[in-house]
Amino acid sequence: MAFWLCLTSMQAQEDYLSEKLPVNSRGYPFWVYTPKDYKAYQHITPLIIFLHGASLRGTDLNQVLRYGPLDAAKMGLEIPALIVAPQNPKGHWDVQKLNDILEWMKKHYTFNPLRVYVIGMSLGGYGTLDFAGAYPDKIAAAIALCGGSTLRNYRGLGDLPLWIIHGTADKSVKIEESKKVVDGMKSIGADQRLRYEWINGASHGDLARYFYLTSTYDWLFMHTLNEPSRPVDTSIRITADERTNAYRSFTRRKGELKME
């Protein structure tokens, strides 16, 4: 099954969203989003893996379209990357299953393997840190929103540029979950590529706004696997006003967007 996202008449071509079956008997089903002009720029196209939160778990893959990068693209945000969005039916994210999808993508799509990124929220924030920590040699950079980690050793997280963000008013996943990771990385000297931010007064749902900001993806794209010492970028800042206004630029365009 496939969907054409007709974003606006201003775009040069339609972006393509296709549904994929699990790559093996124990895997996750997933969406693959192909960006505008992909055919012309395949070899330099980045790949983003998006991991959803607990509310989107289940067996209806359409649930994964409710928020995140795919929803942002549907609403008109230009994200010049392949986007992979799996669905977790239950429990925590399994990093081996995520790696299976990444390896499948390498065989079936053309993209820049030095520009693979992971971003996730809530349960997906846990999955982001777990996956990046388990495979730091494959991930150029990662953003974990209001999550935590089930890792016993944070050493791998210190090998890649990482941005951890959590709201101080989060009642669903306490900020202590992210602070535990930050403190753990600091305790072993693995924080040289770590960036973290505690958003004053932000609730759990507030952090979903990051998916709808160009700056979020610009930060990811600032990093590649082959950078000497792989420094973390701190020049890109997302202000409170930007977060507050994240959806407003799309609201007036919703009438123009069509999904078939």
For this session: Would you please test Lys174 and Glu177 for salt bridge (Lys or Arg N to Asp or Glu O under 4.0 Å) and show each step?
Result: CA-CA 6 Å; Lys174 298 295 185 181; Glu177 291 298 299; over 6 Å; no

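- With hydrogens and angles left out, the side-chain atoms of Lys138 and Asn99 include a donor and acceptor closer than 3.5 Å.
- A cation-pi arrangement is not found for Lys20 relative to Phe30, the charged atom failing to lie both closer than 6.0 Å to the ring centre and inside a 45° cone about the ring normal.
- A salt bridge does not link Glu176 with Lys179: every distance from a Lys NZ or Arg NE/NH1/NH2 to an Asp or Glu carboxylate oxygen is 4.0 Å or more.
- Placement of Ile79 and Leu213 within a single hydrophobic cluster is found when ILVMFWY residues are connected by side-chain heavy-atom separations under 4.5 Å, directly or transitively.
- Shown here for Met105 and Leu82, the closest heavy-atom pair between the two residues is CE-CD1, 4.3 Å.
- Taking 4.0 Å as the cut-off between side-chain N and carboxylate O, Glu227 and Arg230 do not count as a salt-bridged pair.
- By the neighbour-count criterion of 12 heavy atoms within 6.0 Å, atom CZ of Arg26 is densely surrounded, having more than that number from other residues, nucleotides or ligands.
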Problem set entry | Trace of the side-chain contact (heavy atoms from CB on, under 4.5 Å) decision for Gln96 with Tyr135 | CA-CA 10 Å; Gln96 180 60 60; Tyr135 298 97; 3.4 Å; yes

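- For NE2 of His43, the number of neighbouring non-hydrogen atoms (other residues, nucleotides, ligands) closer than 6.0 Å is 12 at most.
- No side-chain donor from either of Tyr109 and Gln42 sits under 3.5 Å from a side-chain acceptor of the other.
- Distance OG/Ser122 to CG/Leu51: 11.5 Å, rounded to 0.5 Å.
- Between the side chain of Thr168 and the main chain of Gly201, a donor-acceptor pair closer than 3.5 Å is present.
- Annotation: Asn200, atom CG; neighbour count of heavy atoms from other residues, nucleotides and ligands within 6.0 Å does not exceed 12.
- Each of Tyr126, Phe131, Tyr28, Phe50 was evaluated against Trp93; a single residue qualifies, Tyr28, per the ring-ring contact (aromatic ring centres under 6.0 Å, His included) test.
- Atoms CG and NZ, from Leu151 and Lys180 in turn, are 12.0 Å apart once rounded to the nearest 0.5 Å.
- Side-chain contact, Asp241 with Thr244: no donor N or O sits under 3.5 Å from an acceptor N or O.
- Heavy atoms only, all atoms of each residue included: Arg66 and Tyr212 are closest at O-OH, 4.3 Å.
- Closest of all the heavy-atom pairs between Ala142 and Thr128 is CB-CG2, 3.8 Å.
- Here the two rings, on Tyr196 and Trp198, have centers that are under 6.0 Å apart.
- Without hydrogens or angle criteria, Thr216 side chain to Phe211 main chain gives no donor-acceptor distance under 3.5 Å.
- The shortest distance between side-chain heavy atoms of Arg195 and Pro161 does not fall below 4.5 Å.
- Here the CG atom belonging to Leu77 is positioned 11.5 Å from the CG atom belonging to Leu70, to the nearest 0.5 angstrom.
- The pair Arg237-Glu197 does not count as a salt bridge, with every side-chain nitrogen at least 4.0 angstrom from each carboxylate oxygen.
- One N or O on the side chain of Asn24 and one on the backbone of Gly27 form a donor-acceptor pair closer than 3.5 Å.
- By the side-chain hydrogen bond (donor to acceptor under 3.5 Å, both in side chains) test, Glu242 is found to be paired with Thr239, residues two or more places apart in sequence or in another chain being considered.
- Checking side-chain atoms of Trp219 against main-chain N and O of Asp233 turns up a donor-acceptor pair under 3.5 Å.
- Scanning all heavy atoms of the two residues, the minimum distance from Pro136 to Gly156 falls at CB-O, 3.3 Å.
- You'll find the side chain of Thr110 stays beyond 4.5 Å of the side chain of Tyr41, heavy atoms only.
- In this structure, CG on Asn88 lies 12.0 Å from OG1 on Thr59, to the nearest 0.5 angstrom.
- Taken together through direct or relayed side-chain contacts under 4.5 Å among Ile, Leu, Val, Met, Phe, Trp and Tyr, Ile83 and Ile119 form part of one hydrophobic cluster.
- The backbone N or O of Ile175 lies less than 3.5 Å from no partner atom in the side chain of Asp170, so there is not a single donor-acceptor pair.
- Going from atom CE of Met185 over to atom CZ of Arg193 covers 9.5 Å, rounded to the nearest 0.5 Å.
- Side chain of His52 to main chain of Ala85: no donor-acceptor pair is present (N/O by atom type, distance under 3.5 Å, no hydrogens or angles).
- There is a path of hydrophobic side-chain contacts, each under 4.5 Å, that joins Leu47 to Val95.
- Using a 4.5 Å cut-off between side-chain heavy atoms of Ile, Leu, Val, Met, Phe, Trp and Tyr, with links allowed through other members, Leu194 and Leu220 fall into different hydrophobic clusters.
- Proximity of a side-chain donor or acceptor of Arg155 to a complementary backbone N or O of Ile188 within less than 3.5 Å is detected.
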For this session: Walk me through it: do Asp206 and Ser203 pass the test side chain to side chain donor-acceptor pair (under 3.5 Å)?
Result: CA-CA 5 Å; Asp206 286 342; Ser203 68; 3.2 Å; yes

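- Within the 3.5 Å criterion, the main-chain N or O of Tyr210 finds no donor-acceptor partner in the side chain of Arg243.
- A distance of 8.5 Å separates CD1 in Ile164 from OG in Ser149, rounded to the nearest 0.5 Å.
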For this session: Quick one: do Tyr117 and Phe221 satisfy ring-ring contact (aromatic ring centres under 6.0 Å, His included)? Show the steps, please.
Result: CA-CA 8 Å; Tyr117 309 99; Phe221 299 151; 5.6 Å; yes

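- In this structure, the side chain of Gln63 does not engage the main chain of Arg57 through any donor-acceptor pair within 3.5 Å.
- Between the side chain of Asp37 and the backbone N or O of Ala40, no donor-acceptor pair lies under 3.5 Å.
- Using a cutoff of 4.0 Å between basic side-chain nitrogens and carboxylate oxygens, Asp71 and Lys74 are scored as salt-bridged.
- Side-chain contact check for Leu102 versus Val84: every heavy-atom pair is 4.5 Å or farther apart.
- Annotation: side chain of Tyr67 is in contact with side chain of Leu56 (closest heavy-atom distance under 4.5 Å).
- Of all the heavy atoms in Leu123 and His92, the pair that sits closest is CD1-ND1, 3.6 Å.
- Annotation: side chain of Leu129 is in contact with side chain of Leu162 (closest heavy-atom distance under 4.5 Å).
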